[in-house]
Amino acid sequence: MADLEALRAKILKCRLCRLCEGATQAVPGEGNPDADIFFIGEAPGKNEDLQGEPFVGAAGKFLNELLESINLKREDIFITNIVKHRPPNNRDPKDDEIEACFPYLDQQIQAIKPLLIVTLGRHAMNRFMPGLQISKVHGQAKRVKSIFSKKQVIYPLYHPASALYNGAMRPVLFEDMKKIPVLLQQLRKEAL
Ligand code: URA
């Protein structure tokens, strides 16, 4: 908890890349410091930039619906983004921005030690599983080697915002979400 608070303070003051210049404030992330599930989105949007909290706009509302569908609340999870400042006009984050911000994400993961990391969208997925296509691997858990764990489990999902533009994504996201409780149960057993 102390680690997370210290990190939050550091992120709020961050000037490691150009993104801080156009943003209102940093959006460090929030949630349960003891969470078993850690969600990673892409970048703060307009509402997140104004409020300083992740996933508070339309994509966040749909994410809440997805969580409710498996009896989870935002208080049960930790959630953050691959970059902590809003990119201008919501453009995609650039590689050097993602690179500059990654140590924060890495330290947040180390502080929380989640059983499961759920990536939302291709940017977050690519950070852990470079070169894969989200259309091929969404809804399939993979163990990846990372500096903090030899077997961190990553579960890639489409970004909830994709369903706001393309209604056909809604059922796909609900179906992929459905697999999380079973996966978690399995990981909790392994952790005993
Ligand atoms: N989309 C994201 O990826 N992150 C947010 O915080 C909001 C929308």
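In listed order, ligands and their atoms are each counted from 1. Remember, predicted model here, so these are calculated numbers, not experimental data.
Taking the six-membered ring for Trp and thresholds of 30 and 60 degrees, F174 and F62 have ring planes more than 60 degrees apart, a perpendicular arrangement.
In terms of heavy atoms, V144 sits closest to M129 at CG1-CG, 4.0 Å.
Between H159 and F55, the ring center distance clears the sub-6.0 Å criterion.
In this structure, the side chain of E48 engages the main chain of G45 through a donor-acceptor pair within 3.5 Å.
Using a 4.0 Å cut-off between charged nitrogen and carboxylate oxygen, E97 and R91 count as a salt-bridge pair.
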Ligand 1: protein N/O within less than 3.5 Å of ligand N/O:
residue	atom	partner	partner atom	Å
ligand 1	1 (N)	H159	NE2	3.4
ligand 1	3 (O)	E42	N	2.7
ligand 1	3 (O)	A43	N	3.4
ligand 1	3 (O)	N81	OD1	3.3
ligand 1	3 (O)	H159	NE2	2.7
ligand 1	4 (N)	A43	O	3.0
ligand 1	4 (N)	N81	OD1	2.7
ligand 1	4 (N)	N81	ND2	3.4
ligand 1	6 (O)	F55	N	3.0
ligand 1	6 (O)	N81	ND2	2.9

Derivation and outcome, side-chain contact (heavy atoms from CB on, under 4.5 Å), residues D76 and I37: CA-CA 8 Å; D76 299 319; I37 320 186; over 6 Å; no
